[in-house]
Amino acid sequence: QVQFVESGGGWVQPGGSLRLSCAASGFTFSTYAMTWYRQAPGKERELVARISNGGVRTNYADSVKGRFTISRDNAKKMVLLQMNSLKPEDTAVYYCNRLPFGDYWGQALGDYWGQGTQVTVSS
């Protein structure tokens, strides 16, 4: 079964950094574009970043552009999210997921969400 296990979250001061990791399994990882989403209390899940199956193309939400970097290691079947210059409004549960096959500009399917990892940015 398709599975994603997120890790690396925690508490950090504003302006600090965190690196999130996502271990994927249950599918041919290198053939799918991957994403990071986040969901804050009382808000809908928000697409934060996309990365193509080969890792060359990336796309970010305006709110994180210039601060976050998505990357992937196809040999390890992992997706990473480097988060710098963190702000309190970045506080959320962060999830990774795959995009529909061949649909870089699509949205992640709804059946394979993991537990996510909590990121809290506060002073």
Side-chain angles (χ1 to χ4, degrees):
Q1 180 64 35
V2 174
Q3 186 176 12
F4 304 101
V5 180
E6 299 92 346
S7 62
W11 173 85
V12 66
Q13 295 260 23
S17 298
L18 287 172
R19 187 172 72 164
L20 308 184
S21 299
C22 169
S25 61
F27 65 102
T28 305
F29 180 77
S30 62
T31 67
Y32 283 83
M34 293 293 298
T35 63
W36 282 96
Y37 285 76
R38 67 186 181 187
Q39 187 166 28
K43 300 182 68 177
E44 294 185 346
R45 205 188 323 262
E46 172 191 22
L47 180 62
V48 173
R50 297 177 170 92
I51 187 166
S52 62
N53 63 333
V56 175
R57 299 167 64 196
T58 58
N59 176 257
Y60 301 90
D62 288 342
S63 58
V64 308
K65 192 172 184 178
R67 300 187 297 118
F68 291 11
T69 302
I70 187 171
S71 61
R72 66 191 295 160
D73 185 336
N74 284 348
K76 296 180 179 179
K77 299 180 180 179
M78 295 187 68
V79 187
L80 306 176
L81 186 68
Q82 178 67 47
M83 305 186 296
N84 299 325
S85 302
L86 283 162
K87 304 174 180 179
E89 49 263 47
D90 295 319
T91 296
V93 178
Y94 284 72
Y95 303 87
C96 66
N97 208 339
R98 69 182 189 181
L99 290 170
F101 184 79
D103 190 6
Y104 180 76
W105 296 108
Q107 294 285 327
L109 300 175
D111 295 337
Y112 306 118
W113 299 101
Q115 294 298 305
T117 186
Q118 176 71 49
V119 172
T120 302
V121 185
S122 68
S123 57

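Given the structure is predicted, the values throughout are model-derived calculations rather than measurements. Computed from heavy atoms alone, side chains included, the values below leave out hydrogens, waters and symmetry copies. Along the sequence shown, residues carry numbers from 1.
In plain terms, the two heavy atoms of G10 and L18 that are nearest each other are O-CD1, 3.9 Å. The shortest heavy-atom contact between A92 and A40 is CB-N, 3.8 Å. T91 and V121 make their closest contact through OG1-N, 2.9 Å (heavy atoms, listed as atom of the first residue, atom of the second, distance). For the residue pair T31 and F101, the shortest heavy atom distance occurs at O-CE1, 3.5 Å.
Considering only heavy atoms from C-beta on, N59 comes within 4.5 Å of W105 through its side chain. Within the 4.5 Å cutoff, no side-chain heavy atoms of E89 are placed close to those of S63. Two residues are said to be in side-chain contact when any heavy atoms from C-beta on lie closer than 4.5 Å; D73 and L80 fail this criterion.
In this structure, the side chain of R50 engages the main chain of G106 through a donor-acceptor pair within 3.5 Å. Put simply, the side chain of T117 never gets that close to the backbone of Y94: no donor and acceptor are under 3.5 Å apart. N74 places a side-chain N or O within donor-acceptor distance of the main-chain N or O of N53, the cut-off being under 3.5 Å. Under the 3.5 Å distance criterion, the side-chain polar atoms of R72 are matched with a main-chain donor or acceptor of S52. In this structure, R57 contributes its side chain and Y104 its backbone to no donor-acceptor pair below 3.5 Å. Of the possible polar contacts, none joining the S21 side chain to the S7 backbone as a donor-acceptor pair under 3.5 Å is found. Judged by distance alone, the side chain of R67 and the main-chain N or O of S85 form a donor-acceptor pair under 3.5 Å.
Considering OG of S71 and CE of M34, their distance stands at 11.5 Å, rounded to 0.5 Å. Atoms CZ and CZ, on R45 and R38 in that order, are 13.5 Å from each other to the nearest 0.5 Å. From Q82, atom CD reaches atom CG of L20 across 8.5 Å, with rounding to the nearest 0.5 Å.
One hydrophobic cluster holds both V12 and V64 under the rule that ILVMFWY side chains link at heavy-atom gaps under 4.5 Å. Under the 4.5 Å side-chain heavy-atom criterion for Ile, Leu, Val, Met, Phe, Trp and Tyr, Y37 and F29 are members of distinct hydrophobic clusters. Note on L99 and M78: separate hydrophobic clusters, where clusters join Ile, Leu, Val, Met, Phe, Trp and Tyr whose side-chain heavy atoms are under 4.5 Å apart, directly or indirectly. Linking ILVMFWY residues whenever their side-chain heavy atoms come closer than 4.5 Å, directly or via other members, places V2 and I51 in the same cluster. In this structure, Y60 is a member of the same hydrophobic cluster as V119, with clusters built from ILVMFWY side-chain heavy atoms closer than 4.5 Å.
In the displayed structure, Q115 atom CD is contacted under 6.0 Å by at most 12 heavy atoms of other residues, nucleotides or ligands.
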- List the steps, then state whether side chain to side chain contact (heavy atoms under 4.5 Å, CB included) holds for E6 with Q118. CA-CA 9 Å; E6 299 92 346; Q118 176 71 49; over 6 Å; no

- Message: Please determine whether side chain to side chain contact (heavy atoms under 4.5 Å, CB included) holds for the pair F68 and L86, giving the CA-CA distance in whole Å, both sets of side-chain angles, and the decisive distance to 0.1 Å.
- Response: CA-CA 9 Å; F68 291 11; L86 283 162; 3.8 Å; yes

- Stepwise side chain to side chain contact (heavy atoms under 4.5 Å, CB included) check, Q1 with Y112: CA-CA 9 Å; Q1 180 64 35; Y112 306 118; 2.9 Å; yes

- Message: As a quick check of understanding, evaluate side chain to side chain contact (heavy atoms under 4.5 Å, CB included) for D90 and M83, giving each step before the final call.
- Response: CA-CA 9 Å; D90 295 319; M83 305 186 296; over 6 Å; no

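For the residue pair N84 / S17, a side-chain donor-acceptor distance below 3.5 Å is found, with atom types taken as modelled.
Using bins of under 30°, 30° to 60° and over 60° for the plane-to-plane angle, the ring pair Y95/W113 lands in the perpendicular bin.
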